[in-house]
Structure formats: structure tokens, C-alpha cells
Amino acid sequence: MKTALYPGTFDPLTYGHIDIIGRASALFDRVIVTVAKNPKKTPLFTAEEREDMIREAVKSWPNVTCEIFDGLLVQFAKDRQATALIRGLRVISDFEYELQMAHVNRRLAQEVVTILMMPGEKYTYLNSSIVKEVASFGGDIQSFVPPFIAEKIKIKLIQK
Ligand code: COA
């Protein structure tokens with residue numbers, strides 16, 4: 001049973017993340033999308049809200065689950081017997097940060113391998129902040145996130 005974690009803040013999940021999840025689900029027996037609470041980023045959605053959105057978005061993949069974690073990523077990987085950490089690599093500027101994280105995580109746990117996966121080219125420009133910024137100015141985010149997530153962003157921004 002090969003298990004991979006796909007960690008991130010996912011505030012919110014975008015089509016770019018979903019693209020990576022689909023690729024990972026084809027390669028591993030089990031993929032756990034791992035939601036970091038990440039107070040450093042002051043997320044728009046609570047970790048539980050992000051988890052709910054991810055569960056809804058991945059329900060067609062039977063081998064994909066979602067869990068919240070708060071702590072050291074490699075420890076969570078060991079707890080779940082995961083041997084791989086999936087990270088998306090969109091553009092070359094992502095590489096330096098991802099390389100540093102991969103080295104730190106390898107130093108902490110030799111047995112956990114980082115795998116960098118490229119999403120489809122049409123998602124290379126996407127990140128969660130851009131989606132929130134466009135939505136906050138009333139822009140159309142239908143091509144960035146699934147419709148039910150677009151709706152939740154709209155409601156959340158009105159509540160703020
Ligand atoms: N499609 C669209 N956007 C993508 C993407 C993709 N395929 N891949 C990355 N992104 C975006 C994210 O939406 C995010 O956007 P934002 O900055 O606007 O929110 C950004 O790229 C990268 O963020 P994310 O993937 O959420 O990673 P992160 O850098 O916020 O989180 C953790 C990294 C949580 C995995 C890392 O901090 C961690 O492991 N923390 C736990 C503590 C620990 O173990 N630390 C040691 C690790 S070295």
C-alpha cells in the first residue's frame with residue numbers, strides 16, 4: 001500500500017491543486033490531501049472549511065482522503081505510513097523553495113521522498129491568493145475554482 005501526502009494550505013483549493021491530486025491518485029494507492037492550519041498565512045477559510053471543500057471536490061476519487069494537520073509534516077507522514085510528499089511545481093520560481101523544503105524534510109526523515117509534479121500548463125499562473133484577490137474585486141473566478149468553491153468565496157468575502 002503506497003501512501004502519499006499532498007500538503008498545502010489550500011485557502012482555497014483551486015483547479016491547479018485538483019489537477020495535481022488527479023495525477024497523484026493515479027500513481028499511489030492512497031493520497032491524503034493534508035490541510036495545514038498555517039496561521040502564518042491568516043487564511044480566509046478555517047481549516048475545517050478548507051477540509052470540507054476538499055472532501056467535496058475529491059469525492060470522485062475513492063483513494064483520496066483529506067485530513068487537517070498541525071505540526072511537523074514528516075511526523076504526520078510517518079504517523080500515516082506515507083512514503084511520499086507530493087508538491088506542485090508550477091514555474092521555475094517555485095523550485096528554490098520546494099528544493100529547500102525537500103532537503104529539510106529528507107534530513108528529518110530519510111524514508112519520506114518528495115515528489116514534485118507539474119500541473120497542466122493552463123494552471124501555471126494560479127495560486128490561492130490570486131483567486132481571492134480577483135474575487136474580492138468582483139472578477140470571474142469560474143475558471144480557477146469549482147463553482148461550489150466560487151460560491152463559498154463570494155459568501156465569505158461578503159461576511160468579512
Ligand atoms: N495550483 C495552484 N496553486 C498552487 C499549486 C497548484 N498546483 N501549487 C501550489 N500552489 C499555490 C498555493 O495555492 C499557495 O498559494 P498562496 O501562497 O497564494 O496561498 C502557494 O502556491 C504555495 O502554498 P502551499 O502549497 O499552500 O504551500 P505552503 O507553502 O503554504 O505550505 C506546507 C507548505 C504547509 C506544506 C509547509 O509549510 C509545511 O510542511 N508546514 C508544516 C511544518 C513543517 O513540517 N515544516 C518543515 C517543512 S520544510
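Order of listing sets the numbers, starting from 1, for every ligand and every atom in it.
A 4.5 Å side-chain heavy-atom check between Thr3 and Ile32 finds at least one atom pair inside the cut-off. Between Tyr123 and Ile20, the closest side-chain pair of non-hydrogen atoms is not below 4.5 Å. In this structure, the side chains of Arg107 and His103 stay at 4.5 Å or more apart for every pair of heavy atoms. You'll find the side chain of Glu111 stays beyond 4.5 Å of the side chain of Thr83, heavy atoms only. You'll find the side chain of Met118 stays beyond 4.5 Å of the side chain of Arg90, heavy atoms only.
By the criterion of a heavy-atom distance under 4.0 Å, both the backbone and the side chain of Asn127 are placed next to ligand 1. Contacts of Tyr123 with ligand 1, taken as heavy-atom pairs under 4.0 Å, are absent altogether. With a heavy-atom cut-off of 4.0 Å, Phe76 does not touch ligand 1 at all. In Asp11, neither the side chain nor the backbone holds a heavy atom less than 4.0 Å from any atom of ligand 1. Counting heavy atoms under 4.0 Å from ligand 1, residue Arg87 touches it through the side chain alone. Contacts between Ala36 and ligand 1, counted as non-hydrogen atom pairs separated by less than 4.0 Å, involve the side chain only.
Scanning the protein for heavy atoms near atom 41 (C) of ligand 1, the closest one is Gly71 O, 3.4 Å. The protein non-hydrogen atom at the shortest distance from atom 18 (O) of ligand 1 is Ser129 OG, 2.4 Å. Among all protein heavy atoms, the one lying closest to atom 21 (O) of ligand 1 is Arg90 NH2, 3.1 Å. Ranking the protein heavy atoms by distance from atom 29 (O) of ligand 1 puts Tyr97 OH, 2.9 Å first. For atom 7 (N) of ligand 1, the closest heavy atom belonging to the protein is Gly16 O, 3.3 Å. The shortest contact between atom 31 (O) of ligand 1 and any protein heavy atom is with Thr9 OG1, 3.9 Å. Given atom 13 (O) of ligand 1, the protein heavy atom at minimum distance is Ser128 OG, 2.7 Å.
Checking only distances, Lys40 never comes within under 3.5 Å of ligand 1, N or O to N or O. For Leu73, a nitrogen or oxygen atom sits less than 3.5 Å from a nitrogen or oxygen atom of ligand 1, counting backbone and side chain alike. Where the criterion is an N or O separation shorter than 3.5 Å, residue side chain and backbone included, Phe69 fails it with respect to ligand 1. Checked against a 3.5 angstrom limit, the closest N/O atoms of Leu126 and ligand 1 fall inside it. Polar contact with ligand 1: absent for Asn105 (N/O pair, distance under 3.5 Å).
Contact between Tyr15 and ligand 1 is absent, with no heavy atom of the residue lying under 4.0 Å from the ligand.
When the heavy atoms of Met117, Lys132, Gln75, Met101 are ranked by distance to atom 48 (S) of ligand 1, first place goes to Met101. Comparing Thr14, Asn38, Ile20 against atom 2 (C) of ligand 1, the shortest heavy-atom distance belongs to Thr14. Selection from His17, Lys41, Arg23, Lys37 by nearest heavy atom to atom 17 (O) of ligand 1 gives Lys41.
The nearest pair of heavy atoms linking Ala150 to Gln142 is CB-NE2, 4.1 Å. Between Pro146 and Tyr15, the shortest heavy-atom distance links the atoms CA-OH, 3.3 Å. Nearest heavy atoms, Arg23 versus Gly120: NH2-N, 3.5 Å. The heavy-atom pair separating Asn63 from Ser25 by the smallest distance is ND2-O, 2.9 Å. The shortest non-hydrogen separation linking Pro12 to Ser128 is O-OG, 2.9 Å.
A salt bridge links Lys132 with Asp11: the closest approach of a Lys/Arg side-chain nitrogen to an acidic carboxylate oxygen falls below 4.0 angstrom.
Using the six-membered ring where Trp is involved, Phe10 and His17 have ring planes that are perpendicular, over 60° apart on the 30 and 60° scheme.
Close contacts of ligand 1 with Gly8, meaning ligand atoms under 4.0 Å from a residue heavy atom, involve 26 (O). Residue contact check: Leu72 has heavy atoms under 4.0 Å from atoms 43 (C), 44 (O) of ligand 1.
Paired with Met53 under the rule side chain to side chain contact (heavy atoms under 4.5 Å, CB included), one option of Ile149, Val35, Ile153 passes, and it is Ile149.
Less than 4.0 angstrom separates atom 38 (C) of ligand 1 from none of the non-hydrogen atoms of the protein.
Linking Ile, Leu, Val, Met, Phe, Trp and Tyr residues whenever their side-chain heavy atoms come within less than 4.5 Å places Val145 and Leu13 in a single cluster. Hydrophobic clustering of Ile, Leu, Val, Met, Phe, Trp and Tyr side chains at less than 4.5 Å, counting indirect connections, keeps Tyr6 apart from Val104.
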